[in-house]
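This report refers to the structure that appears directly beneath it.
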Amino acid sequence: MVLDRLGQPLRAAEMRDPEPGPGQLLLEVRACAVCRTDLHVVDGELPRPKLPLVPGHQIVGLTEDGRRLGVPWLGWTDGDCRYCRRGLENLCDRARFTGYDLDGGYADRVVADERFCLPIPDGYTDEQAAPLLCAGLIGYRSLRMAGDAERVGLYGFGASAHIVAQVARHQGRRVFAFTKPDDREGQAFARELGAEWAGGSDRRPPEELDAAILFAPAGELVPTALAALAKGGRVVCAGIHMSDIPSFPYELLWGERQVRSVANLTRADGEEFLTLAPQVPVRTRVEIFPMAEANEALDRLRAGRITGAAVLVP
Ligand SMILES: [Zn+2]
Ligand SMILES: [Zn+2]
């Protein structure tokens, strides 16, 4: 499925198999999960994706010699910029991202740099494993950035939050879930996954939070979440794109509260999370679509009508 122009639906296309270059693998795509970032790319909310583009960066694929590997968002780094040298390859100046700078997994086959592929843990089907690769991974990095917070608020209970809630519970944290105000189904889903409280994002939680992780791309949630924090608490913005943040009184930030973003992932995040996931064990809830229905899956995600994660299968 190909994106020719921003803001347009993807087009089904017959393409020649991509040719692996030096250090690259050719993988047969078994499943590719849909990420909110794919929506931002298709909708033209991110600067300069490659065009035409095959989106998709949560790929479970099989190598020609039968290994099952994951291809995540981080597709390549230069390895020698000031960020890479400090272990911050997620911030690499020249990083290339799968399904953005590089063709991704909304396809039958994909090529990927072997050094950036991740081993998929046993015990997961291809479809269940796919959302671990970004929803899980970036969610996990966001949770790590929340520090030792005991009371964690998750704003936007979609693909990422449904995984993060399970990891947070496993780590002995307390989870508070925020959904769209009338989303009773989403609130029930959050409680099922261990949230001790779930309610609309317009509501205050029953207790102050030590951290709030924002998965919903709505800037107005930043002051809302700050207002729910205890002193020293942190708001972590997990998405790649967010609407503008409205101004707010300094009082909301006072008391050593912090706001930070999380950008991309490192390979170390990937290895750490994919080792942890089967220990929790993280169980993903997926809605499976045939690859040809990628536009339908994106529309459902845009409308907030996916429970858990949408996954495309060729
Ligand atoms: Zn993603
Ligand atoms: Zn670099």
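As the structure lists them, so they are numbered: ligands from 1, and atoms in each ligand from 1. Numbers for residues simply follow the sequence, beginning at 1.
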For this session: Taking the six-membered ring for Trp and the single ring otherwise, decide whether the centroids of Phe157 and His162 are under 6.0 Å apart.
Result: no
Exercise. Sorted by chain and residue number, which protein N/O/S atoms are under 2.8 Å from the Zn ion (ligand 1)?
Worked result: Cys35 SG, His57 NE2, Cys134 SG
For this session: Could you tell me whether Arg283 sits above the aromatic face of Tyr124, with NZ or CZ closer than 6.0 angstrom to the six-membered ring centre and within 45 degrees of the axis?
Result: yes
Problem set entry | Atoms of protein origin (N, O or S) under 2.8 Å from the Zn ion (ligand 2) | Asp78 OD1, Cys81 SG, Cys84 SG, Cys92 SG
Problem set entry | Close side-chain approach of Glu64 to Leu27, heavy-atom, < 4.5 Å | no
Problem set entry | Asp113 side chain to Arg115 backbone, donor-acceptor under 3.5 Å | yes
For this session: Apply salt bridge (charged side-chain N to carboxylate O under 4.0 Å, His left out) to Glu293 and list each qualifying residue two or more places apart in sequence or on a separate chain.
Result: none
Exercise. Is it true that Lys231 and Glu208 have a side-chain N and a carboxylate O under 4.0 angstrom from each other?
Worked result: no
Exercise. If only atom types and distance count, is the side chain of Glu287 paired as donor or acceptor with the main-chain N or O of Ile306 below 3.5 Å?
Worked result: no
Exercise. Listed by chain and number, what are the ring-ring contact (aromatic ring centres under 6.0 Å, His included) partners of Phe116, not counting sequence neighbours?
Worked result: none
Problem set entry | Check: Arg173 side chain, Ala149 main-chain N or O, donor-acceptor pair, under 3.5 Å | yes
